[in-house]
Chemist: 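First the structure, then my questions, so here it is.
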Amino acid sequence: MLSIAATVAALALLRWMDQGLPTLGLWLFIGLSLTVGMGHGALDAVLMLAQFKPYSNVAAYALVYLLLVVGCGALLAMSPGWALLALLAMSVWHFGELYRPSLANRLLVGGASVMAPMLLSNTALAAVLKHALGVDYSSTWLVWYWLAMTWAVGAVVWVLWLVVQRTNRRGTRSAEHADYDDATTRAALELAAVLALNAVLSPLMAFAVYFGLWHSLSHIARVLRAMARHSSRAKVSRKRLALAMGLTGLATAALLWVLWRWLPAGQGVDSLSAQGVQAFWVQWLVVALAAVTLPHMLLVGYSHRWLGR
């Protein structure tokens with residue numbers, strides 16, 4: 001009961017700050033993406049050391065990883081609209097990774113954070129996209145709109161199917177059914193929580209909170225649990241973990257300082273848009289996130305057995 005009250009209070013505070021400070025969503029998106037978000041990505045070094053032996057294989061995959069980031073970034077930078085759509089598609093798949101045994105659960109939970117803004121706050125989302133995408137806006141908006149509509153229909157069908165399934169199995173619950181019900185219950189709760197988050201907050205703020213304080217922190221905790229289980233076998237030291245996180249922290253702190261100097265926090269949304277600064281940084285972040293998501297998603301998927309839940 002106390003945790004529910006704390007969650008409601010935190011959401012109320014975030015909503016008040018979101019409405020009172022027009023640029024807060026942008027700053028939170030930038031700040032959390034470049035700190036906690038990049039920090040959870042830095043743990044890919046831990047996964048490489050655990051999954052690839054000997055170290056020559058680690059170096060080879062690290063090179064492939066960097067080439068994927070550079071190549072993907074260079075291609076997506078040509079079209080911010082395509083970069084955004086690529087990020088949406090990879091996010092749907094990657095955010096639902098914990099629900100991988102069930103394709104329906106994976107797509108619905110993974111798609112919640114990127115489809116809900118279109119369904120619940122499309123006017124605010126349109127304002128951001130128009131400034132950020134420019135000529136790519138119309139086509140990107142149309143594709144995203146129909147993806148969101150398809151996802152919404154799928155979510156309704158999924159909920160109805162769950163209700164029918166549980167009604168038909170009432171009184172005959174086996175161990176297999178119990179595992180299935182537990183997984184779908186977790187999926188339904190996460191889906192409801194993400195929808196509530198997007199109903200309360202603006203699109204950038206909602207995604208920043210989900211990506212930075214939910215997905216990224218959950219992944220960090222998952223890697224730490226896996227390290228504790230496999231420490232003697234995988235030979236992954238906490239010193240390496242601290243080094244990876246520390247180097248990423250220093251790099252992102254330096255980048256945040258540059259951003260702070262370039263984009264004073266006191267400017268309003270209209271002023272930012274007039275100068276084209278907001279559009280530049282949103283485009284840059286979208287392309288950067290899409291570029292690093294591809295190798296990160298592939299590595300996490302490859303390492304799912306080592307990681308566990």
Chemist: Enter the distance from Asn105:CG to Leu191:CG here, rounded to the nearest 0.5 Å.
Modeler: 9.5 Å

Chemist: Which Ile, Leu, Val, Met, Phe, Trp or Tyr residues join Val70 in one cluster when any pair of side-chain heavy atoms under 4.5 Å counts as a link?
Modeler: none

Chemist: Would you give the length of the straight line joining atom CG of Leu213 to atom CG of Leu32, rounded to the nearest 0.5 angstrom?
Modeler: 5.0 Å

Chemist: Taking the side chain from His219 and the backbone from Ser216, do they hold a donor-acceptor pair closer than 3.5 Å?
Modeler: no

Chemist: Hey, does the side chain of Ser121 reach the backbone of Ala124 with a donor-acceptor pair shorter than 3.5 angstrom?
Modeler: no

Chemist: Under the rule for ring-ring contact (aromatic ring centres under 6.0 Å, His included), what residues qualify as partners of Phe52, not counting sequence neighbours?
Modeler: Tyr61, Tyr302

Chemist: Say whether Val109 and Trp161 are linked into one hydrophobic cluster, either directly or through other cluster members, by side-chain heavy-atom distances under 4.5 angstrom.
Modeler: no

Chemist: Are Leu98 and Val92 connected into the same hydrophobic cluster when the rule is that any two of I, L, V, M, F, W, Y join if their side-chain heavy atoms are below 4.5 Å apart?
Modeler: no

Chemist: Could you list the residues that satisfy side chain to side chain donor-acceptor pair (under 3.5 Å) with His296, not counting sequence neighbours?
Modeler: His40, Asp44, His94

Chemist: Each residue besides Leu66 in its hydrophobic cluster should be listed here, by chain and number; the cluster joins Ile, Leu, Val, Met, Phe, Trp and Tyr at side-chain heavy-atom distances under 4.5 Å.
Modeler: none

Chemist: Give, for atom OG1 of Thr293 and atom CZ of Phe95, the distance between the pair rounded to the nearest 0.5 Å.
Modeler: 7.0 Å

Chemist: Salt bridge (Lys or Arg N to Asp or Glu O under 4.0 Å) with Glu190: which residues, sequence neighbours excluded?
Modeler: none

Chemist: Do you know the tightest heavy-atom contact between Trp214 and Ala193?
Modeler: CH2-CB, 3.5 Å

Chemist: Linking Ile, Leu, Val, Met, Phe, Trp and Tyr through side-chain heavy atoms less than 4.5 Å apart, which residues share a cluster with Leu160?
Modeler: Val156

Chemist: With clusters defined by side-chain heavy atoms of hydrophobic residues (ILVMFWY) lying less than 4.5 Å apart, directly or transitively, does Leu289 cluster with Leu43?
Modeler: yes

Chemist: Hey, quick one: are Met118 and Trp93 part of the same hydrophobic cluster, counting side-chain heavy atoms closer than 4.5 Å, chains of contacts allowed?
Modeler: yes

Chemist: Decide side chain to side chain contact (heavy atoms under 4.5 Å, CB included) for Arg229 and Trp306; before the verdict, give the C-alpha distance in whole Å, the side-chain angles of both, and the deciding distance to 0.1 Å.
Modeler: CA-CA 9 Å; Arg229 287 196 305 270; Trp306 185 84; over 6 Å; no

Chemist: Under the salt bridge (Lys or Arg N to Asp or Glu O under 4.0 Å) rule, what pairs show up with a residue in residues 59-74, not counting sequence neighbours?
Modeler: none

Chemist: Could you tabulate the donor-acceptor pairs under 3.5 Å formed by side-chain atoms of residues 144-153, not counting sequence neighbours?
Modeler:
| from | atom 1 | to | atom 2 | distance (Å) |
| --- | --- | --- | --- | --- |
| Trp144 | NE1 | Val114 | O | 2.9 |
| Thr150 | OG1 | Trp146 | O | 2.8 |
| Trp151 | NE1 | Leu108 | O | 3.1 |

Chemist: Could you see if Met90 belongs to whatever hydrophobic cluster contains Leu67? Use Ile, Leu, Val, Met, Phe, Trp, Tyr and a side-chain cutoff under 4.5 Å.
Modeler: no

Chemist: Restricting to non-hydrogen atoms, name the atom on Ser303 and the atom on Gln51 that form the minimum distance, rounded to 0.1 Å.
Modeler: OG-CG, 3.2 Å

Chemist: Of the non-hydrogen atoms in Leu195 and Ala116, which two are nearest, and what is the gap between them?
Modeler: CD2-CB, 3.8 Å

Chemist: Could you list the donor-acceptor pairs under 3.5 angstrom formed between side-chain atoms of residues 202-210 and any protein atom two or more places apart in sequence or on another chain?
Modeler:
| from | atom 1 | to | atom 2 | distance (Å) |
| --- | --- | --- | --- | --- |
| Ser202 | OG | Asp18 | OD1 | 3.1 |
| Ser202 | OG | Asp18 | OD2 | 2.9 |

Chemist: For Val143 and Leu88: C-alpha separation, side-chain torsions, deciding distance, then whether side chain to side chain contact (heavy atoms under 4.5 Å, CB included) applies.
Modeler: CA-CA 11 Å; Val143 173; Leu88 293 179; over 6 Å; no

Chemist: So do the side chains of Trp141 and Leu125 get within less than 4.5 Å of each other, counting heavy atoms only?
Modeler: yes

Chemist: CG/Leu217 to CZ/Phe211 distance, rounded to the nearest 0.5 angstrom?
Modeler: 10.5 Å

Chemist: Restricting to side chain to side chain donor-acceptor pair (under 3.5 Å), what partner residues turn up for Glu97, sequence neighbours left out?
Modeler: Arg100, Arg222

Chemist: Using the test salt bridge (Lys or Arg N to Asp or Glu O under 4.0 Å), find all partners of Arg225 that sit at least two apart in sequence or belong to another chain.
Modeler: none

Chemist: Once rounded to the nearest 0.5 Å, what's the spacing between atom OG1 of Thr184 and atom CG of Leu189?
Modeler: 9.5 Å

Chemist: Of the non-hydrogen atoms in Val69 and Pro295, which two are nearest, and what is the gap between them?
Modeler: CG2-CG, 3.6 Å

Chemist: Can you list the residues that meet the salt bridge (Lys or Arg N to Asp or Glu O under 4.0 Å) rule with Arg106, with sequence neighbours excluded?
Modeler: none

Chemist: Hey, does Leu307 have a side-chain heavy atom less than 4.5 Å from the side chain of Leu47?
Modeler: yes

Chemist: Measure the spacing between CG of Asn198 and CG of Leu119 and express it to the nearest 0.5 Å.
Modeler: 9.0 Å

Chemist: Determine, step by step, whether Cys72 and Leu68 satisfy the side chain to side chain contact (heavy atoms under 4.5 Å, CB included) criterion, reporting the C-alpha distance in whole Å, the side-chain angles of both residues, the deciding distance to 0.1 Å, and the verdict.
Modeler: CA-CA 6 Å; Cys72 187; Leu68 283 174; 5.7 Å; no

